[in-house]
Amino acid sequence: MHRLGGEGVHQEDGPYAWPTRCGTYSFSPSMIAEYVPGVWETATPAQVLDARLRAMDRTLREHRGDGHLTALHAAGLDACEALVSFAAVGAAPVENFAGRGWSDEEWSAARDRLAARGLIDDEGTATPAGRALRDQVERMTDELAAGPWRALGEAGAERLAELNRPLLGAVFESGLLPAVTTLGIGRIQAPE
């Protein structure tokens with residue numbers, strides 16, 4: 001049985017100790033040692049790890065989204081201003097954001113507020129200050145999202161990507177997603 005007690009999880013504990021310990025953090029290691037072997041009779045350690053990594057993917061996406069909302073708030077952008085400023089840096093055409101439900105008047109008022117702050121010009125394009133603010137939002141989002149990825153490690157992150165490639169490929173090949181989304185995928189460079 002893997003040694004799950006003591007100060008964290010150790011190399012000699014084996015490849016499945018980390019996900020086991022993370023999922024049972026507040027339980028006594030002796031209790032886990034008693035019950036975890038029975039789990040391996042139902043599913044292999046690899047199957048359990050794969051399931052945990054898939055769940056982690058969903059959690060990481062939600063975690064990143066929460067961090068992004070925090071970064072937008074810290075930047076002083078309300079919900080509509082966040083979208084207007086994102087369109088202003090070329091993430092997607094303004095029309096693509098129509099599905100978010102903002103009226104023309106609300107969108108125009110958000111543009112006016114951003115222009116008054118010097119973040120967009122009269123054409124609705126981001127100024128250097130507007131680009132810098134959006135870069136700050138993306139940098140802060142990345143920083144807030146980094147903790148779980150660091151804990152996952154390079155090998156774990158690669159395994160998570162490997163598990164998700166077939167799903168992502170199927171989604172993109174299905175044609176269900178528009179060629180240009182409101183996420184800026186393939187259109188916005190990562191901040192330096």
Side-chain angles (χ1 to χ4, degrees), residues 52-154 156-192:
R52 291 203 42 87
L53 285 173
R54 289 174 198 260
M56 188 180 302
D57 173 56
R58 287 187 299 277
T59 302
L60 288 171
R61 281 184 281 124
E62 288 180 23
H63 174 74
R64 182 175 179 78
D66 290 347
H68 191 62
L69 295 177
T70 299
L72 290 167
H73 180 73
L77 295 171
D78 68 28
C80 192
E81 291 169 349
L83 296 178
V84 173
S85 67
F86 203 42
V89 297
V94 171
E95 308 79 55
N96 285 40
F97 293 95
R100 300 294 176 103
W102 298 100
S103 69
D104 290 342
E105 294 77 22
E106 291 166 321
W107 190 272
S108 181
R111 276 185 65 169
D112 291 346
R113 291 191 302 274
L114 293 173
R117 291 170 56 191
L119 301 174
I120 63 172
D121 63 22
D122 293 339
E123 302 299 315
T125 302
T127 63
R131 287 193 176 280
L133 184 67
R134 286 305 310 198
D135 282 351
Q136 172 189 329
V137 166
E138 297 308 320
R139 230 181 338 275
M140 184 177 187
T141 299
D142 290 347
E143 289 168 9
L144 291 171
W149 290 101
R150 280 192 292 272
L152 190 56
E154 190 174 328
E158 180 52 40
R159 179 68 176 133
L160 184 59
E162 178 185 323
L163 290 169
N164 281 293
R165 277 188 198 107
L167 174 63
L168 289 174
V171 168
F172 286 119
E173 290 173 8
S174 73
L176 292 174
L177 293 177
V180 178
T181 71
T182 58
L183 301 176
I185 297 171
R187 298 176 65 94
I188 302 296
Q189 297 296 316
E192 296 179 19

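Basis for what follows: all heavy atoms, side chains included, without hydrogens, waters or symmetry-related copies.
In this structure, the side chains of His68 and Glu138 come closer than 4.5 Å at one or more pairs of heavy atoms. Using a 4.5 Å heavy-atom threshold, the side chains of Arg64 and Asp142 count as touching. Counting heavy atoms from C-beta outward, Leu114 and Leu77 have side chains that approach closer than 4.5 Å.
Partners of Arg150 by side chain to side chain contact (heavy atoms under 4.5 Å, CB included), not counting sequence neighbours, listed by chain and number: Ala146. Take Ala79 and apply the side chain to side chain contact (heavy atoms under 4.5 Å, CB included) test, not counting sequence neighbours, and it matches Trp102. Looking at residues two or more places apart in sequence or on another chain, you find a side chain to side chain contact (heavy atoms under 4.5 Å, CB included) between Glu162 and Arg159, Arg165.
Sorted pairs that involve residues 115-128 and meet side chain to side chain donor-acceptor pair (under 3.5 Å), not counting sequence neighbours, are lacking altogether. Within the structure, the side chain to side chain donor-acceptor pair (under 3.5 Å) test picks out the following pairs touching residues 69-78 (sequence neighbours left out): Asp78-Arg113.
Here the closest non-hydrogen pair linking Gly124 and Arg111 is N-NH2, 3.1 Å. In this structure, Ala92 and Phe97 approach most closely via the heavy-atom pair O-CE1, 3.7 Å. Between Ala126 and Val89, the shortest heavy-atom contact is CB-CG1, 3.6 Å. Across every non-hydrogen atom of Val137 and Ala75, the tightest pair is CG2-CB, 3.6 Å. Heavy atoms only, all atoms of each residue included: Arg131 and Ala88 are closest at NH2-O, 4.4 Å. Between Pro166 and Leu163, the closest heavy-atom pair is CD-O, 3.6 Å.
Under the 3.5 Å distance criterion, the side-chain polar atoms of Ser85 are matched with a main-chain donor or acceptor of Glu81.
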Please step through side chain to side chain contact (heavy atoms under 4.5 Å, CB included) for the pair Trp149 and Leu152, ending with a clear verdict.
CA-CA 5 Å; Trp149 290 101; Leu152 190 56; 3.8 Å; yes
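To the nearest 0.5 angstrom, Leu72 atom CG is 8.5 Å from Leu83 atom CG.
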